[in-house]
Amino acid sequence: MRATALSRAARALRLPGATPAAALPPEAAAILGALPIAAVVLDAEDRFLFANPAAELFFQLSAASLRAQSLRELLPPDNRLFGVLAQVRAHDSPVSDHDLVLESPRLRRFGVAAQAAPLPEIPGGIVLTFQDGSTAQMLDRQLNFRGAARGASAMAAMLAHEVKNPLSGIRGAAQLLEQGANEGDRELCQLIQDETDRIKNLVERMDMFSERPVEQAPVNIHEVLDHVRRIALSGFAAHLKIHQEYDPSLPPVWGNRDLLVQILLNLVKNAAEAVDPKDGEILLATAYHHGVRIAVPGSLERVHLPLQVIVRDNGPGIPEAIRATLFEPFVTTKRGGQGLGLALVAKLVADQGSLIECDSRPGRTSFRLSLPAPPPASRQAASRS
């Protein structure tokens, strides 16, 4: 596919006096610097000659840091992007590609669209732009998760109304029958009571999906993680290694402490059940990321979500067949599982105006929470108190 817009941009860079130097002419740098999308200029060896401000955000590196290295230091040699660059140089024409995965220890981007065009004034030079589709994909998935949560909420209300009340009558009738029944029938009456209790417990679990207002305040997320870690190591994850990688400079998050504990306990328990009992490891990490801004429905307000919490395990990964519906109710791979845990997580995350995403492959599954910082008004109130 030919990138005509990028071709025009590349022609605009063909200015008098342009030379194959590390510094672009001021006019060319001004053009690229004004672009709202990430744009870089590479030389024949794929070294960075220029990076605009959007590219600094994209790579999470300053322009000076980028100019000190090459693209090959940021990506593995078999990445599809290098095939795009080879085509540009071989055919001397623009090439674009979509849905690229740019992943390495230094970089993590998914669903990226890249457009590359030759720059004849620099032998082997290429103008390369990136459009990150991962944020849009994450927001789209989050909308699906919220839809699933709303569906579960409606189901909870229906079950509570249509099922929970008659259960008491059924159980009471079974208790009365048990009093005058023989030994064999008493066993059947007890079976009826056990089954009604089981259904009642399921309905009560579904009732957790009902819509309730959430009180939010500044929360020290590291204290929450330490609390969750202690609970896990004293119970269901006592046989596992739980590592911590915290950013000590991270400010408080804006949320509900009890709900955050519930969310993280659920994620850590899932990880503990997924990993090998002998070699299983879980990582709890925090980081500051520029994040995304999401619009608040019904208002012009946009919420910034720069604070990230990661729960990662070295288990076998999540089957491809259920990844798209992972946070929907009754979706599970556990034997005997009810598939409500992650659906509840999705709802509780959405209730706090946050985002959750999952990346999974064999040996590495990560659940990533993107959380807001406290609003300015709450920070001012805290400083006065």
Side-chain angles (χ1 to χ4, degrees), residues 1-137 289-290 292:
M1 182 185 299
R2 292 181 178 273
T4 56
L6 188 58
S7 301
R8 291 193 293 271
R11 286 197 297 271
L13 292 176
R14 297 172 189 173
L15 301 170
T19 62
L24 292 176
E27 297 89 344
I31 293 172
L32 290 179
L35 292 178
I37 60 175
V40 299
V41 174
L42 305 176
D43 67 8
E45 303 299 324
D46 294 329
R47 292 188 296 264
F48 290 95
L49 300 182
F50 174 86
N52 71 353
E56 293 180 286
L57 292 176
F58 182 86
F59 288 102
Q60 294 293 296
L61 290 169
S62 67
S65 297
L66 288 171
R67 286 195 297 270
Q69 57 191 306
S70 74
L71 187 62
R72 298 182 184 277
E73 296 177 67
L74 296 178
L75 296 174
D78 61 347
N79 193 276
R80 228 167 69 201
L81 181 60
F82 293 115
V84 173
L85 302 180
Q87 290 183 50
V88 172
R89 293 183 176 115
H91 302 289
D92 195 31
S93 63
V95 176
S96 65
D97 200 354
H98 302 273
D99 202 24
L100 293 171
V101 176
L102 309 182
E103 186 174 22
S104 71
R106 298 186 183 184
L107 186 65
R108 180 181 171 276
R109 298 286 184 181
F110 299 90
V112 175
Q115 296 181 323
L119 190 60
E121 283 72 17
I122 299 177
I126 288 178
V127 182
L128 182 61
T129 63
F130 300 96
Q131 290 180 289
D132 184 6
S134 60
T135 297
Q137 291 177 1
H289 192 270
H290 287 284
V292 296

| field | Separation between NE2 of H98 and CZ of R80, rounded to the nearest 0.5 Å | value | 10.0 Å
| note | Sequence neighbours excluded, the answer for side chain to side chain contact (heavy atoms under 4.5 Å, CB included) partners of A64 is S62, R67
| Worked check of side-chain contact (heavy atoms from CB on, under 4.5 Å) between L100 and F130 | CA-CA 10 Å; L100 293 171; F130 300 96; 5.9 Å; no
| query | What heavy-atom pair brings L66 and A51 nearest, and what distance separates the two atoms? | reply | CD1-CB, 3.5 Å
| request: Kindly write out the residues that satisfy side chain to side chain contact (heavy atoms under 4.5 Å, CB included) with D43, not counting sequence neighbours, or none if the list is empty. | output: E45, R47, L49
| said: Looking at every heavy atom in both P123 and A44, which two are closest together, and how far apart are they? | reply: O-CB, 3.5 Å
| query | Which heavy-atom pair separates P94 from P118 by the least distance, and what is that distance? | reply | N-CD, 3.9 Å
| request: Could you go through the side-chain contact (heavy atoms from CB on, under 4.5 Å) check for L71 and L81 one step at a time? | output: CA-CA 10 Å; L71 187 62; L81 181 60; 3.7 Å; yes
| task | Spell out, as yes or no, whether a donor-acceptor pair under 3.5 Å connects the side chain of E56 to the backbone of A63. | result | yes
| task | Walk me through it: do F58 and V40 pass the test side-chain contact (heavy atoms from CB on, under 4.5 Å)? | result | CA-CA 11 Å; F58 182 86; V40 299; over 6 Å; no
| If you take all heavy atoms of A54 and A38, which pair is closest and at what distance? | CB-N, 3.6 Å
| request: Using modelled atom types only, decide if a donor and an acceptor are shared between the side chain of E73 and the backbone of S70 within a distance under 3.5 Å. | output: yes
| Quick check: does any side chain N or O of N52 sit under 3.5 Å from a backbone N or O of A39, one acting as donor and the other as acceptor? | yes
| message | Testing the basics here: between V101 and N79, what is the closest heavy-atom pair and its distance to 0.1 Å? | response | O-ND2, 2.9 Å
| field | From R72 atom CZ to L42 atom CG, the distance as rounded to the nearest 0.5 Å | value | 9.5 Å
| Considering all heavy atoms of both residues, which atom of I126 and which atom of A116 are nearest to each other, and what is their separation? | CG2-CB, 3.9 Å
| request: Would you check, one step at a time, whether the test side-chain contact (heavy atoms from CB on, under 4.5 Å) holds for L85 with L128? | output: CA-CA 9 Å; L85 302 180; L128 182 61; 4.3 Å; yes
| Given side chains that start at C-beta, do those of F48 and L61 come closer than 4.5 Å, heavy atoms only? | no
